[in-house]
There are 2 protein chains.
Amino acid sequence: MRSPRLQGEARISAPITIEDVAQAAGVSTATVSRVLNHSAPVSPETRARVEDAISYLSYRPNDVARSMARGRTATIGLVLDDLTNPFNSQAAEIVIHGAEKSGFRTILGLAASQSGRCAQVIEFLLRQRVDGFLFGQARLEEPAIEALLDRGFPVVLFNRRLHRARASFVGCDNYGGSTAAANHLIGLGHQSLAVIAGPANLSTVVERIDGFQAALRAARMQAAPVFYTQYHPGDAYNAMKELLQRDRKPTAVFATTDFMALEAIQYAVDHQLEIPGDLAVVGFDDITLAAHPWIRLTTVAQHIAEQAARAVERLLEAIGGKQVPREAELLPAELVVRRTCGGGR
Amino acid sequence: MRSPRLQGEARISAPITIEDVAQAAGVSTATVSRVLNHSAPVSPETRARVEDAISYLSYRPNDVARSMARGRTATIGLVLDDLTNPFNSQAAEIVIHGAEKSGFRTILGLAASQSGRCAQVIEFLLRQRVDGFLFGQARLEEPAIEALLDRGFPVVLFNRRLHRARASFVGCDNYGGSTAAANHLIGLGHQSLAVIAGPANLSTVVERIDGFQAALRAARMQAAPVFYTQYHPGDAYNAMKELLQRDRKPTAVFATTDFMALEAIQYAVDHQLEIPGDLAVVGFDDITLAAHPWIRLTTVAQHIAEQAARAVERLLEAIGGKQVPREAELLPAELVVRRTCGGGR
DNA sequence: CTGAAAGCGCTTACAG
DNA sequence: CTGAAAGCGCTTACAG
C-alpha cells in the first residue's frame with residue numbers, strides 16, 4: 001500500500017486510481033467498481049475492506065474514464081446567447097441545479113447570437129459527447145438544431161421555438177400576455193400605440209407583436225408601427241428617439257423586453273418627457289428591478305424559472321429514452337400593472 | 001468504407017471513430033491523429049487522403065477519449081456562488097470566452113454560499129479532472145481551497161481573497177473605493193453615517209468597511225455602526241428598517257453592493273423618506289442600471305470584466321506550468337457620484 | 001514519414 | 001459473490 005507520506009511529498013501527485021484501491025483492498029478492480037456503483041452484490045466484508053481503502057487513499061473516481069467506459073457522459077449542453085440578460089443567467093442557474101439533482105453536469109455554450117455561432121457551439125458540445133441539448137435562445141430558422149433533431153438527438157427548446165413544429169418545446173403564452181398588455185393600454189384611452197421589438201426572426205418577438213396587434217384589430221384600431229432592433233444595448237434608446245420624431249407620436253409604447261422598456265424610458269426621461277403622463281410604457285419579462293419603487297414598470301410576467309425547470313425535466317426524460325411529447329408546453333404570462341402605463345398604482 | 005446511406009438510416013448512429021477514418025483513408029490511426037493534431041509531419045498526399053476521409057465521414061473527434069489519452073482535460077473549473085447577481089454572470093461570461101480562446105472549456109460550479117457546498121463543488125470538479133480552478137466568491141476561510149493550494153494545484157482567486165496570503169489573486173481596490181465614498185459623504189456634511197454590509201467573513205466586505213471607517217477616523221468622527229447581513233434578498237430592506245429605528249438615525253448609508261443599496265432605498269421610499277433629501281445612499285459595484293435616470297445611484301465602480309479576464313489569464317499560465325505571481329493584483333475602484341448621495345448631478 | 005502496440009482509468013459481459 | 005479480460009477512442013513513445 002502506498003504510504004501516506006508519499007502523497008504529501010509530491011506536489012500534484014498522480015491521482016489515485018481504482019487500481020490502487022483494488023490493490024490496497026486485495027480485490028479486483030471489478031469489485032471496487034461494483035461497490036462504487038452498487039451495480040452488483042458484494043459481500044459485506046469485501047465491501048467494508050474496499051470502502052476502507054477508498055477513504056484511506058482519498059480515492060476520487062475519474063469521471064472522464066467513467067464516461068469513456070460507459071459510452072455516455074451524463075452531461076447536457078445548454079446553449080444560450082449570453083449571460084448578461086438576467087433572464088438567461090437565471091435560466092442557466094436553474095438548469096445547472098436541475099441537472100445536478102439527477103447526477104448530470106451541464107456545459108454552457110454561449111452562442112452570442114452571431115450567425116454561425118450556434119452551429120459552432122453545437123459542434124463543440126458534440127465533441128464533448130453531451131447526451132442532449134437545451135436551447136434557450138433559438139432563432140426561428142436554425143439548421144444546426146434541425147440537423148440534431150433529424151438525427152433523433154435528445155433536444156429540448158425553451159423560451160424561443162423553431163419555425164418547424166415537431167420539436168420538444170416549453171415556453172410561455174407570449175401572445176396572450178401581449179394581448180392583455182394592448183387591451184390594458186386601449187382601455188386607458190390610448191389611440192397612438194407603437195412597439196419596440198427585437199429581431200423579427202425570434203419566435204418570442206413574433207408572438208408578442210402578433211398578440212399586441214390582434215388586440216388592436218379586435219378594437220378596430222389600425223396596426224401599431226413596429227420598430228425592430230437587434231436587442232443590442234442602446235437599440236431601444238435609439239428606437240425611442242426615432243419613434244418620437246415621427247409625425248404621429250405614440251402616446252404608449254410596448255417593448256418586447258423589460259430591458260428595452262427601461263432604455264426607452266431612459267430616452268424619454270433624458271428628453272424631458274413625463275412617464276406615464278406624456279408616454280405610457282409597458283415591458284415584458286418582469287425582471288426583479290421592475291418592482292422597485294423608483295421604477296414600477298408595467299410589464300408581462302413570465303416564469304422563466306419554471307420554463308427552465310420543465311425543460312431540463314423533459315430533456316432528462318428524453319435522454320433516459322422516454323418518448324417526449326412533441327407538443328409545446330405553454331406557461332402563463334400575466335400582465336402586471338404598475339406605474340409606467342399610467343393606469344396602475 | 002461505410003456507405004453514407006447507413007448514417008441516414010440509424011437514428012442516433014454510433015459516432016464515427018478515428019478507426020473509421022483510418023480505414024477509409026487506408027492509414028493507421030496514428031497517422032490520422034497526426035494530421036488532426038499537427039503533432040508530427042505527414043506527407044502531403046497522405047494528409048489529403050485523411051482529410052478527405054474526415055470530411056466525407058463528417059468525423060468529429062471524441063474529446064473524452066482525447067482527455068483520457070492525454071491525461072489532461074483542457075478544462076477549468078469556475079466556482080461562483082450563483083448567477084443571480086449580474087456581477088457574477090458577467091464574470092462567468094468573460095471566463096468562458098477567455099478560456100475558449102485558448103481552447104479550454106469551463107465547467108461552472110455553483111456553490112450557493114452554504115457552508116460545505118464549496119468543498120462539494122470542488123470535489124465534483126476534481127472528479128471531472130479539471131486542470132485548474134477559478135474562485136470568484138471565496139470566503140476568508142476556505143479549507144477546501146487551501147487544500148488545493150497545498151497540493152500545488154493551479155488555483156486563481158478573483159474578487160474575494162482568502163485570509164492566507166500566498167495565493168494568486170486579482171481583485172479591486174475595495175479599501176480605496178470605500179474611503180472615497182466616505183470622504184465624499186463627509187464633505188457633504190453628513191455626521192451620522194451607517195453601513196449595510198454583507199457577511200463579515202468575506203474579504204470584500206471587510207475591506208470596504210475598513211476603508212470606510214478609516215476615512216471617518218481620519219476626519220476625527222466616531223466609527224459608523226455596521227449592520228451585517230447574509231446578502232439574501234430582503235436583508236438590506238430589513239437592515240434599513242432596523243437602522244431607522246435607532247436613536248441616532250443615519251443621514252447617509254453606505255451599502256457594500258448596489259443590490260443592497262437599491263433595497264435600502266426601497267425601504268426608505270416605501271416609508272415616505274426622500275432620497276437624497278432625508279437619506280443619502282451610496283452603493284458599490286456600479287451595475288448597469290445604476291446609471292438609469294430613474295435611479296442614478298452614487299456608487300463605487302469596479303471593473304469585474306477585467307478582473308475576470310486577468311484571472312483566467314493567470315490561471316491559464318499556471319496550468320501551462322508558468323510560475324504565477326503570488327502577489328495580489330488590484331484594479332482601481334472609482335467613486336461615481338450621481339444623485340442618491342445628494343452631491344451629484 | 002508511417003505503423004504496431006501500449007496505455008489512459010474505468011465498466012461490463014462472461015465464467016466460475 | 002468475485003476475477004480475468006476485453007473494450008471505450010484516442011495519443012504517444014518506440015521502431016523502422
Side-chain angles (χ1 to χ4, degrees), chain A residues 2 12-51 53-54 57-75 103 105 126-131, chain B residues 2 12-51 53-54 57-75 103 105 126-131:
Chain A
R2 205 187 265 240
I12 313 185
S13 43
I16 310 294
T17 70
I18 199 173
E19 183 71 48
D20 298 323
V21 176
Q23 245 171 270
V27 299
S28 72
T29 60
T31 297
V32 177
S33 174
R34 286 178 192 119
V35 349
L36 244 22
N37 302 305
H38 302 277
S39 53
V42 172
S43 81
E45 307 79 50
T46 311
R47 170 180 302 281
R49 279 218 314 288
V50 172
E51 280 168 348
I54 288 175
L57 296 171
S58 304
Y59 169 63
R60 199 169 358 244
N62 182 330
D63 272 348
V64 177
R66 210 170 242 190
S67 296
M68 174 95 279
R70 288 184 179 153
R72 18 168 285 139
T73 54
T75 302
R105 54 181 162 280
L126 243 18
R127 283 169 189 244
Q128 320 280 312
R129 297 298 189 265
V130 296
D131 297 324
Chain B
R2 208 186 262 240
I12 314 185
S13 43
I16 309 297
T17 69
I18 199 173
E19 183 70 48
D20 298 323
V21 176
Q23 247 171 268
V27 297
S28 72
T29 59
T31 298
V32 177
S33 174
R34 287 178 192 121
V35 349
L36 243 23
N37 301 305
H38 302 277
S39 52
V42 173
S43 81
E45 306 79 49
T46 312
R47 170 179 302 280
R49 280 218 313 288
V50 171
E51 279 167 349
I54 288 175
L57 295 172
S58 306
Y59 169 63
R60 199 168 358 241
N62 182 330
D63 273 349
V64 178
R66 209 170 245 192
S67 296
M68 173 96 280
R70 288 184 181 157
R72 18 168 287 141
T73 54
T75 302
R105 54 180 161 280
L126 243 17
R127 284 170 188 243
Q128 319 279 312
R129 297 298 189 263
V130 296
D131 297 324

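Please read these numbers as outputs of a predicted model, since none were measured by experiment. Residue numbering restarts at 1 for every chain, and letters A, B, ... go by the order of the sequence lines.
Listed candidates were D:dG7, D:dG3, D:dT12. Nearest to the side chain of A:A69 is D:dG7. Considering only the side chain of B:R34, C:dT2 comes nearest among C:dC10, D:dT11, C:dT2. Distance from the side chain of A:S43 is smallest to D:dC1 among C:dT11, D:dC1, D:dG3. Taking only side-chain atoms of B:A30, from C-beta outward, the nucleotide of D:dT12, C:dC8, C:dC10 with the closest atom is D:dT12. Here the nucleotide nearest the side chain of B:A65, chosen from D:dT2, C:dC1, D:dC10, is D:dC10.
The distance from atom CZ of A:R49 to atom CD1 of A:I54, rounded to the nearest 0.5 Å, is 12.5 Å. Expressed to the nearest 0.5 Å, how far CD of B:E51 lies from OH of B:Y59 amounts to 13.5 Å.
The phosphate of C:dC10 has OP1 or OP2 within less than 4.0 Å of a side-chain N or O from A:Y59. Phosphate contact (OP1/OP2 of D:dT11, side-chain N/O of B:N37, threshold under 4.0 Å): present. Contact annotation: A:T17 does not reach the phosphate of C:dG9 (side-chain N/O to OP1 or OP2, under 4.0 Å). Applying the 4.0 Å criterion to OP1 and OP2 of D:dT2, one finds that A:T46 has a side-chain N or O inside that range.
Heavy-atom nearest nucleotides on DNA chain D were determined for B:I18 and for A:S28, and the one closer to the 5' end corresponds to A:S28. Looking at which nucleotide of DNA chain C each of B:R70 and B:R47 is closest to, the 5′-most match is held by B:R47.
For the residue pair B:T75 / B:R105, a side-chain donor-acceptor distance below 3.5 Å is found, with atom types taken as modelled. With hydrogens and angles left out, the side-chain atoms of A:N37 and A:S33 include a donor and acceptor closer than 3.5 Å.
Partner assigned to C:dG16 is D:dC1, using Watson-Crick or G-U wobble distances below 3.5 angstrom.
For the pair B:R47/B:H38, a side-chain contact is recorded, criterion being any heavy-atom separation below 4.5 Å from C-beta on.
Separating the CZ atom of A:R127 from the C1' atom of D:dC10 is a distance of 13 Å, rounded to the nearest angstrom. Distance, B:L36 CG to D:dT12 P: 12 Å, rounded to whole Å.
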